[in-house]
Chemist: 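What follows is a single structure, and I will ask about it in a moment.
Whatever order the structure lists ligands and atoms in, that order sets their numbers, starting from 1. Quantities reported herein were computed from a predicted structural model and do not represent experimental measurements. Numbers here are sequence positions counted from 1. All heavy atoms count here, side chains included; hydrogens, waters and symmetry mates do not.
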Amino acid sequence: MVWQVEGGEADLFGEQCAASPPPADPTFAVPRAFVDLAKAAICHRDPERFSLLYALLLKLRANRKAMEDRADPLVDRLERLAKEVRRDAHKMHAFVRFREVADDVGARFVAFFEPDHHIVRREAGFFVRRFANMRWSILTPELSIHWDGERLSEGPGANRRDAPDGDPVEEVWKTYYASIFNPARVKVKAMLKEMPKKYWANMPETSLVPGLLAGAQAREAAMIETSRQQEGAMPKRRPTPDLPPARGCGANLLKSWEAIRAEAKDCTRCHLYRCATQTVFGEGALDARILFVGEQPGDQEDLAGRPFVGPAGEVFNAALEEAGIDRAATYVTNAVKHFKFVARGKRRIHQSPDAGEISACKWWIEQERELIRPPLTVALGATAARSLFGKVMAIGKNRGRAHALPDGSEGWITVHPSFLLRLPDADARCEERRRFVDDLKRIRDRADSIAA
Ligand code: URA
């Protein structure tokens, strides 16, 4: 089988495939991982992508586990293509900048972007979800896509001159960017790596970067001085907000859960209640098929009284969405229900809970699991894994597969979302995020297959 991109060159690899015998049975099942890989790799601009994928398909037909051999050069090459496509998509999400123009219907937002690969159709859904209520167009050299608030349509490719060059909102955006620019965090090399110059032409805020960098040192000194003056001021206690109603359960179950939650409010099983604002109990669907266990509430969770509502929660929510898991249909809780921190001036710095604190708090997790009886419990990170399995479990070795729990259900392990936030290198972050999403997809598939 020789694959050829219309108007492009025939590839050599395709001719090797032609030597393979045609399959006798035309239909066969492939692992989901192949579909995920193919969906990304097929968007690469490499003309060999079709024949590489076809070759892998033939391999899988002979051996369904062929993709598990990561050293296989074919799998490795396709993984690299897929990684480059995902990275390109990530850049598109981050660097598309809309400019407002007026047409006969009203405001319309237009952006120009130059992706490296054929990702525009693949990523259209992201922009539709994100900007569902706006009318917008994204112009790229290959094609343009248009959203009128209801329907997505395609048009021919365009060039930068077809896009508007600035709008009134741009000044507001620049002011905002200048105000969030943190001189104490500037790492010029890392910034250029994450935001390559190639994208700068379409991004209004980049015109500010040289000036902001030049003034960075003076601003940093001023920030340190201000924070010194504010030292000692601790965040104020906020009332516990109403929790979203626990869904999908009978009245008795709901009553039992509410009773446990009320009891946990006054928990003094370890010393952490003394400094934390409040107990942060789990929340979500009481008929959840997946119960996620985090480590402990962070600063924002402690104030809000709800798990995963801060920066780690944002990473978690986005990864869940990408993996096709509805957070509202799951139950989310923490291994330790009080925020452990040390105060440094105005800031409260997270401290990992120790074995005694984890074990004291296990009481609550056990009650939650006993009530919900989820077929799958997922430990996010080492603390959660320790709580769930009662011993240290290495994440790398144990992630992404089922482990039997004493009650007959399955325990799964993956990384904690805040691990991704701490990675300084953009490439590593991108890769680790992909692995996290892959783990979540496997968990979703497993939950679906148990339900079926
Ligand atoms: N990290 C956690 O482990 N849990 C939260 O609720 C927030 C951050």
Chemist: Closest non-hydrogen protein atom to atom 4 (N) of ligand 1, residue and atom name please, with distance?
Modeler: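 That would be Asn334 OD1, 2.7 Å.
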Chemist: Looking at Gly294, which atoms of ligand 1 are within less than 4.0 Å of one of its heavy atoms?
Modeler: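 Close to Gly294: 3 (O).
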Chemist: Would you name the heavy atoms of Leu37 and Arg86 that are closest together and state the gap between them?
Modeler: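 That would be CA-NH2, 4.4 Å.
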Chemist: Could you tell me the separation between the CZ atom of Phe113 and the OG1 atom of Thr140, rounded to the nearest 0.5 Å?
Modeler: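 Here the rounded value is 9.5 Å.
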Chemist: Any chance CZ of Arg401 has more than 12 other-residue heavy atoms, nucleotides or ligands included, within less than 6.0 Å?
Modeler: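 For Arg401, atom CZ is crowded (more than 12 foreign heavy atoms under 6.0 Å).
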Chemist: Return the closest protein heavy atom for atom 8 (C) of ligand 1 as residue, atom name and distance.
Modeler: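 Ranked first by proximity to atom 8 (C) of ligand 1 is Gln296 O, 3.8 Å.
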Chemist: Which atoms of ligand 1 sit under 4.0 Å from any heavy atom of Pro307?
Modeler: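 This gives 6 (O) as the contact atoms.
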Chemist: Counting heavy atoms only, which of Glu295, Arg306, His416 is nearest atom 1 (N) of ligand 1?
Modeler: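 Selected option, by shortest heavy-atom distance: His416.
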Chemist: Over 60° means perpendicular and under 30° means parallel, so tell me whether Phe98 and Trp136 are parallel, tilted or perpendicular.
Modeler: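 Ring orientation, 0 to 90° scale: tilted.
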Chemist: Under 4.0 Å, heavy-atom basis, I'd like to know which part of Glu301 is in contact with ligand 1: side chain, backbone, both or neither.
Modeler: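 The answer is the side chain of Glu301.
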Chemist: Can you tell if the side chain of Leu74 reaches within under 4.5 Å of the side chain of Lys59, non-hydrogen atoms only?
Modeler: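 Touching, per the 4.5 Å side-chain cut-off.
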Chemist: Taking side chain as C-beta onward, heavy atoms only, is Phe316 less than 4.5 Å from Phe436?
Modeler: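 They are in contact (side-chain heavy atoms under 4.5 Å apart), so the answer is yes.
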Chemist: So which heavy atom in the protein is nearest atom 6 (O) of ligand 1, and how far is it from that ligand atom?
Modeler: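 Protein heavy atom at minimum distance: Phe308 N, 2.8 Å.
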